[in-house]
Enquirer: 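Handing you a structure now.
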Amino acid sequence: QVQLVESGGGLVQAGGSLRLSCAASGRTFNNCRVGWFRQAPGKEREFVAAITWNSGSTYYADSVKGRFTTSRDNAKNTVYLQMSSLKFEDTAAYYCAADSPPHYGSIWSSQEYDYWGQGTQVTVSS
């Protein structure tokens, strides 16, 4: 089974930056899609970004385009979410997730992911 460990969350002022990390143990990310989701209190979990491990293709929610970047490090078996120009509305618990083949559903759907990190809190002060 794949275990995902997240880190990098914290408190930051609006306009600042944070980088989240998602490291896999047990297995590599090979052939997986790795997604980032977030959930604020009282709100639904929403898609943020995703990356395909093999090709490095990236996908972003409209709300974070131009501000967030997801990337991978093959040697470290780690996926990153670089968050810049943070806004108060970015405040949420952030989760990374990995799926496994076959890939039937949309990359932005949380239902397609099989393994989840423990979450890391990002709080942006205005």
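Given the structure is predicted, the values throughout are model-derived calculations rather than measurements.
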Enquirer: Do any N or O atoms from the side chain of Asp99 and from the backbone of Arg33 form a donor-acceptor pair under 3.5 angstrom?
Expert: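 Side chain of Asp99 to backbone of Arg33, a donor-acceptor pair under 3.5 Å: yes, one is there.
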
Enquirer: Rounded to the nearest 0.5 Å, what's the gap from CD on Glu44 to CZ on Arg38? Could you check?
Expert: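 It is 13.5 Å, given to the nearest 0.5 Å.
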
Enquirer: For the hydrophobic clusters of this structure (ILVMFWY residues joined by side-chain heavy atoms under 4.5 Å, transitively), does one cluster hold both Val34 and Trp108?
Expert: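 Result: no, two separate clusters.
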
Enquirer: Hey, is the main chain of Ser25 close enough, under 3.5 Å, to the side chain of Gln3 for a donor-acceptor pair?
Expert: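 Not at all, since once roles are kept as given, no pair shorter than 3.5 Å links the two residues.
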
Enquirer: Find the distance between OG (Ser126) and CG (Leu86) and round it off to the nearest 0.5 Å.
Expert: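 Answer rounded to 0.5 Å: 13.0 Å.
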
Enquirer: Taking all non-hydrogen atoms of both residues into account, name the closest pair between Gly9 and Val122 and its distance.
Expert: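 Heavy atoms only, the tightest pair is CA-CG2, 4.2 Å.
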
Enquirer: Strictly under 6.0 Å, is that where the ring centroids of Trp36 and Phe68 end up?
Expert: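 No; Phe68 has its ring centre 6.0 Å or more from that of Trp36.
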
Enquirer: Using 0.5 Å steps for rounding, measure from the SG atom of Cys32 to the CZ atom of Arg72.
Expert: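 Going from SG on Cys32 over to CZ on Arg72, the span is 12.5 Å.
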
Enquirer: Indicate the ring-plane relationship of Phe37 and Trp116, choosing parallel, tilted or perpendicular according to the 30° and 60° boundaries.
Expert: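 Ring orientation of Phe37 relative to Trp116: tilted.
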
Enquirer: Verify, without hydrogens or angle tests, whether Thr91 (side chain) and Thr123 (backbone) share a donor-acceptor contact under 3.5 angstrom.
Expert: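 Pair absent, no side-chain N/O of Thr91 close to backbone of Thr123.
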
Enquirer: Between the main-chain N or O of Ile51 and the side-chain N or O of Thr58, is there a donor-acceptor pair closer than 3.5 Å?
Expert: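 No: the side chain of Thr58 does not pair with the backbone of Ile51.
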
Enquirer: Do Val79 and Val48 belong together in a cluster built from hydrophobic side chains that touch within less than 4.5 Å?
Expert: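 Same hydrophobic cluster.
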
Enquirer: Measuring only between side-chain heavy atoms, which start at C-beta, is Cys22 closer than 4.5 Å to Phe29?
Expert: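 Cys22 vs Phe29: side chains touch.
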
Enquirer: Can a cation-pi geometry be assigned to Arg19 and Tyr80, taking NZ or CZ under 6.0 Å from the six-membered ring centre and within 45° of the ring axis?
Expert: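 Verdict for Tyr80: a cation-pi partner in Arg19.
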
Enquirer: Determine whether Met83 and Leu20 satisfy the following criterion, side chain to side chain contact (heavy atoms under 4.5 Å, CB included), listing intermediate values before the conclusion.
Expert: CA-CA 8 Å; Met83 306 183 295; Leu20 307 184; 3.8 Å; yes

Enquirer: With side chain to side chain donor-acceptor pair (under 3.5 Å) as the test, would you mind laying out the steps for Thr78 and Asp73 before giving the verdict?
Expert: CA-CA 5 Å; Thr78 298; Asp73 187 322; over 6 Å; no

Enquirer: Verify the distance criterion only: is there a donor paired with an acceptor across the side chains of Thr28 and Asn77 at less than 3.5 Å?
Expert: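 No, no side-chain donor-acceptor pair sits under 3.5 Å.
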
Enquirer: Can you find a pair of side-chain heavy atoms, one from Glu46 and one from Gln39, that are under 4.5 Å apart?
Expert: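 In short, these two side chains do not touch, never coming nearer than 4.5 Å.
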
Enquirer: What is the minimum heavy-atom distance between Val12 and Gly16, and which atoms define it?
Expert: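 Taking Val12 first and Gly16 second, the nearest heavy atoms are CG2-CA, 3.9 Å.
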
Enquirer: How long is the gap from CG on Asp90 to OG on Ser63, to the nearest 0.5 Å?
Expert: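 Going from the CG atom of Asp90 to the OG atom of Ser63 covers 7.5 Å.
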
Enquirer: Within the structure provided, determine whether Asn74 and Trp53 are in side-chain contact (heavy-atom separation under 4.5 Å).
Expert: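 Asn74 reaches Trp53 side chain to side chain.
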
Enquirer: Give me the atom names and distance for the closest heavy-atom approach of Ala40 to Ala92.
Expert: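 Reported closest heavy-atom pair: N-CB, 3.9 Å.
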
Enquirer: Look at the side-chain heavy atoms of Ile, Leu, Val, Met, Phe, Trp and Tyr, link any pair under 4.5 Å apart, and say whether Tyr95 and Ile107 land in one connected group.
Expert: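 Yes, same cluster.
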
Enquirer: Inspect the contact between Asp62 and Lys65 and indicate whether a charged nitrogen and a carboxylate oxygen are less than 4.0 angstrom apart.
Expert: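 Yes, this pair counts.
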
Enquirer: Ignoring hydrogens and geometry, is there a side-chain-to-backbone donor-acceptor pair from Asn54 to Asn31 under 3.5 Å?
Expert: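 Yes: the side chain of Asn54 pairs with the backbone of Asn31.
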
Enquirer: Side chain of Arg67, backbone of Ser85: donor and acceptor closer than 3.5 Å?
Expert: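 Yes: the side chain of Arg67 pairs with the backbone of Ser85.
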
Enquirer: Taking Glu6 for its side chain and Gly119 for its backbone only, find out whether a donor-acceptor pair lies under 3.5 Å.
Expert: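 Confirmed, Glu6 side chain pairs with Gly119 backbone.
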
Enquirer: Determine whether the aromatic ring centres of Phe47 and Tyr60 lie less than 6.0 Å apart.
Expert: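 They do not qualify: ring centres at least 6.0 Å apart.
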
Enquirer: Using a 4.5 Å cut-off on heavy atoms from C-beta on, say whether the side chain of Ser106 contacts that of Glu112.
Expert: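 No, side chains not in contact.
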
